[in-house]
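Contents: one structure, followed by commentary.
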Amino acid sequence: MSKKYKIATLGSHSALQILKGAKDEGFETVLIGIKDRIEPYTSFKVADKVYEIEKHHDFFDIEDKLIEENCILIVHGSFVEFLGPENIEKIRMLHYGNSRILKWESDRNLERKWLLSAGLNLPCIFENPEDIDRPVIIKFHGAGGGKGYFLANSPREFYEKFERYEDENRDYVIQEYIVGVPVYAHYYYSRLNDELELMSFDKRYESNADSIGRIKAKDQLTVGIQTSYTITGNIPIVVRESLLPRFFEMGRNVVEESKKIEDGGLYGPFCLECIIDNHLEFFTFEISARIVAGTNPFVGGSPYTDLRYDEPMSTGRRVARDIKEAIAADRLDTVLS
Ligand code: AMP
């Protein structure tokens, strides 16, 4: 039955594991790839068919072909980044997940409302730079992958540094900087069985934040190095086991709250991006309401999916499994938009 449908996605972000997982579940796969960025997908042999496009928005030009071929589209972070949540709501072809929920992750105010009403602890926000009275991180809206963030400790430092970011989009948020460790929790919630799964955890490998400790503080000051958070990769984490109940509780609360704020709620893969401080207090600074690239180290499964499944289960494969089970149960409309 699953032979009838194909799984398609855009070549970037987490496409390798999405397509590999789909093949493992018996689907034919289709890659929509930007010219010059297709080699990984052909070299790793995860795409049965490739549609080449010039720029991301050209996706809409080939959408009819994808519909004819019975493709189910898997939306990932690059779709959200390059097309924008408003365009994702315009997708006509079958696609996995609730695309209406994506606007809640893309709009900082909506995101905050959602997470707070789910009972999560969030870093403080400073509406006015004059109010800065502790370490803060300044994030420019739409700054892809942590690029262009900066830190400040006072209104003066804020204004001094802000001047250097002339090229950045001027829409920004001033967030309390939490001193702790980043932990990104990857979840899966299936509407078919109403079960929440913890798939894996990662932290990001960020330039230059992750290498600055290799330079003496004195030299950092002499050279005037500024911390930046440009993401270059992801590192797997296994958390202290006693923290797991809290992670389950947070994930469950977010899912339950999503059902109240948006018709159909959140389902499929999602991620809570947290900092845990030295008192083991959790601060959630972001939610991604779709697959995150932090699941990429787990193409062959994670220590957590190993516990639950007797076969390698990536998040990409879990999506394909959900679709396969929905087809078998004649409930495809439960998992697709
Ligand atoms: P983001 O792009 O929001 O996922 O953040 C990029 C990186 O900045 C994270 O991986 C963290 O290392 C760091 N970061 C973001 N927000 C905070 C915060 N409120 N406190 C401390 N570190 C943060």
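Whatever order the structure lists ligands and atoms in, that order sets their numbers, starting from 1.
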Quick check on contacts: which atoms of ligand 1 are under 4.0 angstrom from a heavy atom of [X]?
X: Tyr177; answer: 20 (N), 21 (C), 22 (N)
X: Glu273; answer: 4 (O)
X: Lys139; answer: 3 (O), 15 (C), 16 (N)
X: Ile275; answer: 21 (C), 22 (N), 23 (C)
X: Glu176; answer: 18 (C), 19 (N), 20 (N)

Side chain, backbone, both or neither: which applies to [X] and ligand 1 if a contact is any heavy-atom pair less than 4.0 Å apart?
X: Lys203; result: neither
X: Phe285; result: side chain
X: Tyr149; result: side chain

Within the side chain of [X], is there an N or O that forms a donor-acceptor pair under 3.5 Å with the backbone of [Y]?
X: Glu105; Y: Ala289; answer: yes
X: Gln220; Y: Ile212; answer: yes
X: Ser117; Y: Lys113; answer: yes
X: Arg204; Y: Ile231; answer: no
X: Ser200; Y: His186; answer: no

Quick one: do the Glu197 and Tyr309 side chains pair a donor with an acceptor below 3.5 Å?
yes
Pair Ser288-Glu273, side-chain donor/acceptor within less than 3.5 Å
yes
For ligand 1, find out whether one of its N or O atoms is nearer than 3.5 Å to an N or O atom of Pro123.
no
Is Tyr184 near ligand 1, meaning one of its heavy atoms is under 4.0 Å from it?
yes
Which residues share a salt bridge (charged side-chain N to carboxylate O under 4.0 Å, His left out) with Lys55, sequence neighbours left out:
Asp58
Could you check which of Arg204, Glu206, Glu286 puts a non-hydrogen atom nearest to atom 11 (C) of ligand 1?
Glu206
